[in-house]
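Notes for the one structure printed next.
One-based numbering, in listed order, for ligands and for the atoms of each. Quick note: residue numbers are just sequence positions, from 1. Keep in mind that the numbers below use all heavy atoms, side chains included, and drop hydrogens, waters and symmetry copies.
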Amino acid sequence: MIEVSNLNVRLAGKPVVRDVSFTAEAGTLTAICGPNGSGKTTTMKAVSGELAYRGSVHMNGAEIGGLEPWQLAEMRGVLPQASSISFPFTVREIVRMGLASGRSRHPEQADRIATESLAAVDLSGFEGRLYQELSGGEQQRVQLARVLCQISEPITDGRPCWLLLDEPVSSLDISHQLAIMTLARQFARRGGGVIAVMHDLNLTALFADRMVLLKDGRLQAEGSVKDVLTDRHLQGVFGCNLRVNRVPADGASFVLAHSALGD
Ligand SMILES: Nc1ncnc2c1ncn2[C@@H]1O[C@H](COP(=O)(O)OP(=O)(O)O)[C@@H](O)[C@H]1O
Ligand SMILES: [Mg+2]
């Protein structure tokens, strides 16, 4: 489990995350949603162990501030929101960075994991391509393959591993969005944990188990998608006229922007 209690982060002297508490269970996909600037990325960076914070963040029972970098690297992989790389690395070199930061592996096993990770993000055959010469969506998938090389198993030594994904599908076409969200959900169903910052409320409704809703650095709601994805919460947080509807066949939620309809 990841337990975040009274998380506070200040950046450049300004409080950016204020008293945020939530939990994410292994076996589930937890989505963090909220407007631009609401503190989603900052929260993810704190939970990843990349930013100083006040409060507590427990990952599998340990306060992350007390873990060594290698312990964190074996327990969680991080997909940042943006990854600009200014050197001419190949795709192969970037996924190898994931292998290097995770657990040590036999060379054949490392090769197999690299090949499988690239296949999982639909980039087989891209090994020799230069990262800088790929499209934004392809670069995002290379970064995810790097994370999957680092955290290749949802459970290691009997403990869940975590994928912390900041907008994993924001640059992707619909088919790759569905493929990557399916992959993330399968990682969770196999016993791992996933926290993903999501902008697309409909993909969130389809794939997430739980939702954390932020506004102005504060928690507005936390719970099951059914309880959090409501007209009242969404209108309060996003300030526009959204309505949550249900597909009759299976009752899955979808969100319609009524403002756009002149309603
Ligand atoms: N390095 C920084 N220094 C100062 N303020 C920052 C920094 N990074 C982010 N912020 C501010 O913190 C707030 C939250 O940012 P962020 O967590 O990136 O939001 P989100 O991911 O929800 O869009 C924003 O107002 C942003 O301008
Ligand atoms: Mg962000």
Problem set entry | Ion pair check, Glu167 and Lys40, cut-off under 4.0 Å | no
Exercise. Does Pro35 come within less than 4.0 angstrom of ligand 1, counting non-hydrogen atoms of the residue?
Worked result: yes
Problem set entry | 2.8 Å cut-off met by an N, O or S atom of Met44 to the Mg ion (ligand 2) | no
For this session: Give the single entry among Lys14, Gln81, Lys40 that approaches atom 27 (O) of ligand 1 most closely by any heavy atom.
Result: Lys14
For this session: Report the C-alpha separation of Arg96 and Asp111 in whole Å, then their side-chain angles, then the decisive distance to 0.1 Å, and conclude whether the salt bridge (Lys or Arg N to Asp or Glu O under 4.0 Å) test is met.
Result: CA-CA 9 Å; Arg96 295 255 155 208; Asp111 286 343; 2.7 Å; yes
Problem set entry | Protein residue, atom and distance nearest to atom 23 (O) of ligand 1, heavy-atom basis | Gly37 N, 2.7 Å
Exercise. In terms of atom number and element, which parts of ligand 1 are under 4.0 angstrom from non-hydrogen atoms of Gly39?
Worked result: 14 (C), 17 (O), 19 (O), 20 (P), 22 (O)
Seminar exercise, completed: atom 1 (N) of ligand 1 has as its nearest protein heavy atom Leu11 CD1, 4.3 Å
Seminar exercise, completed: Between the CG atom in Asn36 and the CZ atom in Phe238, the distance rounded to the nearest 0.5 Å is 9.0 Å
Exercise. If you measure from atom 14 (C) of ligand 1 to every heavy atom of Val16, Thr41, Val9, which option wins on shortest distance?
Worked result: Val16
Seminar exercise, completed: Ranked by distance from atom 15 (O) of ligand 1, the top protein heavy atom is Thr42 OG1, 3.8 Å
Exercise. So is there a nitrogen or oxygen of Ala12 less than 3.5 Å from a nitrogen or oxygen in ligand 1?
Worked result: no
For this session: Check the hydrophobic clustering (I, L, V, M, F, W, Y; side-chain heavy atoms under 4.5 Å; chains of links allowed) and say if Phe187 and Val95 are grouped together.
Result: yes
Exercise. For ligand 1, which atoms have a heavy atom of Ser38 less than 4.0 angstrom away?
Worked result: 19 (O), 20 (P), 22 (O)
Exercise. What's the verdict on salt bridge (Lys or Arg N to Asp or Glu O under 4.0 Å) for Glu153 and Arg190, showing C-alpha distance, side-chain angles and the deciding distance?
Worked result: CA-CA 9 Å; Glu153 290 299 327; Arg190 290 166 55 217; 3.6 Å; yes
Exercise. Within the structure, does at least one protein heavy atom fall under 4.0 Å of atom 6 (C) of ligand 1?
Worked result: yes
Exercise. Do the charged groups of Arg189 and Asp209 touch, with an N to O distance under 4.0 Å?
Worked result: yes
For this session: Could you tell me whether any N, O or S atom belonging to Asn36 is less than 2.8 Å from the Mg ion (ligand 2)?
Result: no
For this session: Using distance alone, decide if ligand 1 has a nitrogen or oxygen within less than 3.5 Å of any nitrogen or oxygen in Asn36.
Result: no
Problem set entry | Thr41 side, atom OG1; Gln81 side, atom CD - distance, nearest 0.5 Å | 4.0 Å
Exercise. Does the distance from a Lys or Arg side-chain N to an Asp or Glu carboxylate O, for Arg129 and Glu133, drop under 4.0 Å?
Worked result: no
Exercise. Applying the side chain to side chain contact (heavy atoms under 4.5 Å, CB included) test to Thr42, which of Leu7, Val47, Val9 qualifies?
Worked result: Val9
